[in-house]
Protein chains: 2
Amino acid sequence: MQVSAYAKDCPSRQILDRIGDTWSVLIVVMLADGAHRYTELAKRIQGVSPKMLTQTLRGLERDGLITRTVHPVVPPRVDYALTELGHSLYGLVEGLEKWAETHIDDVQAARVEYDALRRKGRNRRLCGG
Amino acid sequence: MQVSAYAKDCPSRQILDRIGDTWSVLIVVMLADGAHRYTELAKRIQGVSPKMLTQTLRGLERDGLITRTVHPVVPPRVDYALTELGHSLYGLVEGLEKWAETHIDDVQAARVEYDALRRKGRNRRLCGG
DNA sequence: CAGTATCCGTAACGATACTG
DNA sequence: CAGTATCGTTACGGATACTG
């Protein structure tokens, strides 16, 4: 088996990149229960800058995961909503959440144990003169 | 609903980060069919530097996803293998691959369409025609 | 063989000021 | 309201030389 990190035509990698992106996932989750306006997203997704919000929304729109609807009114109103494809992706994210909730305790325990052993090892070396 | 990107205690985010990491996924995939040595991984995972390989392996080990077995021989021999938890994560990754293979065509098509409209300047999707 | 240590460029991201 | 433009930082990752 030979794997390449640079296989950009690899479907899995593209989806992985999307899912690994913090803002993308948060937006998809936000839109899962219905359409939202730009400012709503900005307010409810804590810590996102207008730059990142716009950039992420554009990416999601380009991938066919969300729609962007401009209402020709003043002041402007723009709604974002999941497409069918976006809903499908959300299903995937839900699966991930389920796995995470099920296994996070194991991961946490492993980390504690690993860190404890690391500390012990270091102390031993220091005291072992 | 209020979502925060900085909820580090959020299980989903931790798993998402792990899955979004290129090298982590590649390593898990490589180890799915059995244990491998450091150099084997280095050779078969194209483009990975020793720095990133070690760093990623440590992270996976810390999270209890892989084991690191040092054989006390000369020259050194170190084997890496998936834990049960690691295999479980691999199952998740397989699910992602399946989704990706199923839907990548839709994504690709959406991108082509989006880019085409952008070029034409008809990128604005107006409500009510 | 299996790493570690170091240097370094870049690109991602945050903050903020501005605009149609 | 819904963005865009610009700047500055920083942290991530690549390359490589070195070591037990």
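All chains are named by letter (A, B, ...) in the order of the sequence lines, taking the proteins before the strands, and each is independently numbered beginning at 1. Just so you know, these numbers come straight off a predicted model, no measurement behind them.
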Legend entry - Atom pair distance, as rounded to whole Å: CG in A:L26 and P in C:dC13: 13 Å
Legend entry - Nearest non-hydrogen partners of B:L41 and B:L57, listed with the distance: CD1-CD2, 4.0 Å
Legend entry - A:K51, nearest nucleotide to its side chain (from D:dG14, C:dA2, D:dC7): D:dC7
Inset, instruction - Give the rounded distance in Å between these two atoms: CG of A:D21 and C1' of C:dA12. - result: 11 Å
Legend entry - Residue-phosphate contact under 4.0 Å: B:R68 side-chain N/O, C:dA2 OP1/OP2: no
Inset, instruction - Just compare C:dG14, D:dG14, C:dA2 and give me whichever is closest to any side-chain atom of B:S49. - result: D:dG14
Inset, instruction - Side chain of A:R58 only, please: which of C:dC13, D:dT4, D:dG13 is the nearest? - result: D:dT4
Inset, instruction - Check whether any side-chain nitrogen or oxygen of A:R37 sits under 4.0 Å from OP1 or OP2 of D:dC1, and answer yes or no. - result: no
Legend entry - Rounded distance (Å) that lies between atom C1' of C:dG3 and atom CH2 of B:W23: 17 Å
Inset, instruction - Report yes or no: does A:Y80 contribute a side-chain atom to a donor-acceptor pair with the main-chain N or O of A:I27 at less than 3.5 Å? - result: no
Legend entry - Nucleotide nearest A:Y38 (side chain, heavy atoms from C-beta), chosen from D:dC7, C:dG20, D:dG3: D:dG3
Inset, instruction - Using atom CE of B:M52 as one end and atom C1' of D:dT16 as the other, report the distance to the nearest whole Å. - result: 16 Å
Inset, instruction - Provide, to the nearest angstrom, the distance between the CG atom belonging to A:D17 and the C1' atom belonging to C:dA12. - result: 14 Å
Inset, instruction - Name the residue closer to the 5' end of DNA chain C, choosing between A:P76 and A:P50 according to the nucleotide with the nearest heavy atom. - result: A:P50
Legend entry - B:P75 side-chain proximity, nearest of C:dC1, D:dT4, D:dA2: C:dC1
Legend entry - G-U wobble or Watson-Crick pairing nucleotide for C:dT19 (cut-off 3.5 Å, both distances): D:dA2
Legend entry - Closest to the B:Y80 side chain, choosing from C:dG3, C:dC1, D:dG14: C:dG3
Inset, instruction - Quickly work out the B:H71 NE2 to C:dG3 P distance and round it to whole Å. - result: 11 Å
Legend entry - Check: A:L65 main-chain N/O paired with A:T83 side-chain donor or acceptor under 3.5 Å: yes
Legend entry - Backbone N/O of B:R37 and side chain of B:E40: donor-acceptor pair under 3.5 Å: yes
Inset, instruction - Measure the distance from CG on B:L53 to P on D:dG14 and round it to the nearest whole Å. - result: 11 Å
Inset, instruction - Can you figure out which of C:dA2, D:dG13, D:dA2 approaches the side chain of A:T39 most closely? - result: D:dA2
Inset, instruction - Could you check how far CD of A:E40 sits from P of D:dA2, rounded to whole Å? - result: 8 Å
Legend entry - Residue A:Q55, side-chain atoms from C-beta onward, closest of C:dC13, D:dT16, D:dG14: C:dC13
Legend entry - Donor-acceptor contact present, side-chain A:R18 to main-chain A:R13, <3.5 Å: no
